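Atoms within each ligand, like the ligands themselves, are counted from 1 in listed order. Residues: numbered from 1 along the sequence shown. Note that the structure is predicted; figures quoted are calculated from it, not measured.
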Amino acid sequence: MKAQGLLLVLSGPSGAGKGTICQMLREKLPDLAYSVSVTTRQARNGEVDGVNYFFKSVEEVKQMIAEGELLEYAEVYGNYYGTPRSYVMELLNQGKDVILEIDIQGAMQIKKRFPDGVFVFIVPPSLDELCSRIYKRGTDSEDVIKRRLASATGELAYANEYDYIVVNDVAQKATSKVLTIMEAERYRAARTYFIINEICHAAHKEREI
Ligand code: 5GP
């Protein structure tokens, strides 16, 4: 028997650096499956449909919700975002590790359905740093930036709902911390108990011979 894949959920306020960490994890772990979300927000410069997101209309996303095609969904900063169900379920059933980079509302929905998922909350070293990262990114309008900053402090209060909190001061270090978490999670007794059954089963067979 093989251990089930890990369902890794990364959340944190806008500007915490989840995207960078996610990218670095994917480079380090080429087998890690990244779930591409659907969204109704406009594509930013350089974003590619099917790679960064599946860009959809509100009607299309509502239809997906009605047909149960999303594992979770939420309205974030005035747009819908959601995780396509079939891709994630297929990979988890194959024993692959899957990463979701989603907001807190979505993460809480996933936690109810997958209590043995690994929930990691990424935080910036300070609110000043968060603010300067969002401005430096330069991908959003002033209005959207203000909304994202206003949500940040409220979002930090949810950190307690997660299994781990990782401060992202230097992205590479934060990524190593997430890798360590994943490594430790693989050895959780609840995930590896099947090994005990296999050992006992083998011993039983030996005695029979
Ligand atoms: P952005 O517009 O900056 O790409 O993402 C805005 C927020 O939406 C981020 O917090 C991001 O993690 C979250 N998000 C991205 N995809 C999903 C998703 O599939 N579901 C949920 N609930 N949130 C998502």
Student: Provide, to 0.1 Å, the distance between atom 22 (N) of ligand 1 and the closest protein heavy atom, together with that atom's residue and name.
Tutor: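 The closest heavy atom on the protein side is Asp103 OD1, 2.7 Å.
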Student: Got a sec: does the CD of Glu60 have more than 12 other heavy atoms crowding it under 6.0 Å?
Tutor: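 Yes, CD of Glu60 has more than 12 neighbouring heavy atoms, counting only those of other groups under 6.0 Å.
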Student: I need the atoms of ligand 1 closer than 4.0 Å to a non-hydrogen atom of Ala74, numbered in the order shown.
Tutor: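 So the answer, numbered in order with elements, is 22 (N).
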Student: Arg148 near ligand 1, heavy-atom distance under 4.0 Å?
Tutor: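 For ligand 1, residue contact (heavy atoms, under 4.0 Å) with Arg148 is present.
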Student: For atom 4 (O) of ligand 1, what's the nearest protein heavy-atom neighbour? Residue, atom name and distance, please.
Tutor: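 Among all protein heavy atoms, the one nearest atom 4 (O) of ligand 1 is Tyr53 OH, 2.5 Å.
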Student: Counting each atom of ligand 1 from 1 as listed, which ones have a heavy atom of Gly106 under 4.0 Å away?
Tutor: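 Atoms satisfying the 4.0 Å criterion: 22 (N).
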Student: Considering only the protein, which heavy-atom contact is closest to atom 19 (O) of ligand 1, and what is its distance?
Tutor: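 Going atom by atom, the protein heavy atom closest to atom 19 (O) of ligand 1 ends up being Ser37 OG, 2.6 Å.
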Student: Could you tell me whether Lys136 and Glu129 make a salt bridge, using a distance below 4.0 angstrom between a side-chain N and a carboxylate O?
Tutor: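 No, Lys136 and Glu129 are not salt-bridged.
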Student: Is it the case that over 12 heavy atoms from other parts of the model lie below 6.0 angstrom from the OH atom of Tyr193?
Tutor: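 Open: at most 12 neighbouring heavy atoms sit under 6.0 Å from OH of Tyr193.
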Student: Go through the side-chain N and O atoms of Gln105 and Tyr81 and say whether any donor and acceptor fall under 3.5 Å apart.
Tutor: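 Tyr81 and Gln105 do not have a side-chain donor-acceptor pair below 3.5 Å.
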Student: Less than 4.0 Å between a side-chain N and a carboxylate O, is that true for Arg186 and Asp97?
Tutor: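 Judged by the 4.0 Å cut-off on N to carboxylate O distance, Asp97 and Arg186 do form a salt bridge.
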Student: Parallel, tilted or perpendicular, judged at 30° and 60°: which one describes the rings of Tyr162 and Phe119?
Tutor: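 Correct class here is perpendicular.
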Student: Report, as yes or no, whether the 6.0 Å neighbourhood of atom CD on Gln172 holds more than 12 heavy atoms from other residues, nucleotides or ligands.
Tutor: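 No, the 6.0 Å shell around CD holds no more than 12 heavy atoms from other groups.
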Student: Does even one non-hydrogen atom of Gly82 get within less than 4.0 Å of ligand 1?
Tutor: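 Judged by the 4.0 Å heavy-atom criterion, Gly82 does count as contacting ligand 1.
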Student: Please name the residue in the list Leu10, Asp163, Val9 that meets the side chain to side chain contact (heavy atoms under 4.5 Å, CB included) test with Val120.
Tutor: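 For Val120, the side chain to side chain contact (heavy atoms under 4.5 Å, CB included) check succeeds only for Leu10.
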Student: Can you check whether Arg41 has an N/O within less than 3.5 Å of an N/O in ligand 1?
Tutor: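 For ligand 1, there is an N or O atom that lies under 3.5 Å from one belonging to Arg41.
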Student: Taking distance alone, with N or O pairs closer than 3.5 Å, would you say Tyr81 contacts ligand 1?
Tutor: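 Among all N and O atoms of Tyr81, at least one is under 3.5 Å from an N or O of ligand 1.
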Student: Enumerate the atoms of ligand 1 whose separation from the nearest heavy atom of Glu101 is less than 4.0 angstrom.
Tutor: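 Under 4.0 Å from Glu101, ligand 1 has these atoms: 12 (O), 14 (N), 15 (C), 16 (N), 17 (C).
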Student: Consider every N or O of Val76 and every N or O of ligand 1, then say whether any pair is closer than 3.5 Å.
Tutor: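 It does not: no N or O of Val76 is found under 3.5 Å from an N or O of ligand 1.
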Student: When only distance counts, is Glu47 in polar contact with ligand 1, meaning an N/O pair under 3.5 Å?
Tutor: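 N/O-N/O distance below 3.5 Å does not exist for this pair.
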Student: Short question: side chain of Arg85, backbone of Gly68 - any donor-acceptor pair under 3.5 Å?
Tutor: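 A pair under 3.5 Å: yes.
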Student: Give the numbers and elements of all ligand 1 atoms closer than 4.0 Å to a heavy atom of Thr83.
Tutor: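 So the atoms of ligand 1 that pass are 19 (O).
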Student: Do Lys18 and ligand 1 have an N or O pair less than 3.5 Å apart?
Tutor: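 In this structure, Lys18 places an N or O atom under 3.5 Å from an N or O of ligand 1.
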Student: Can you tell me which residue and heavy atom of the protein come closest to atom 20 (N) of ligand 1, and the distance to 0.1 Å?
Tutor: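 Atom 20 (N) of ligand 1 sits closest to the protein heavy atom Glu72 OE2, 2.7 Å.
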Student: Compare every heavy atom of Val61 with every heavy atom of Lys56, then report the nearest pair and how far apart it is.
Tutor: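 Minimum heavy-atom contact is CB-CG2, 3.6 Å.
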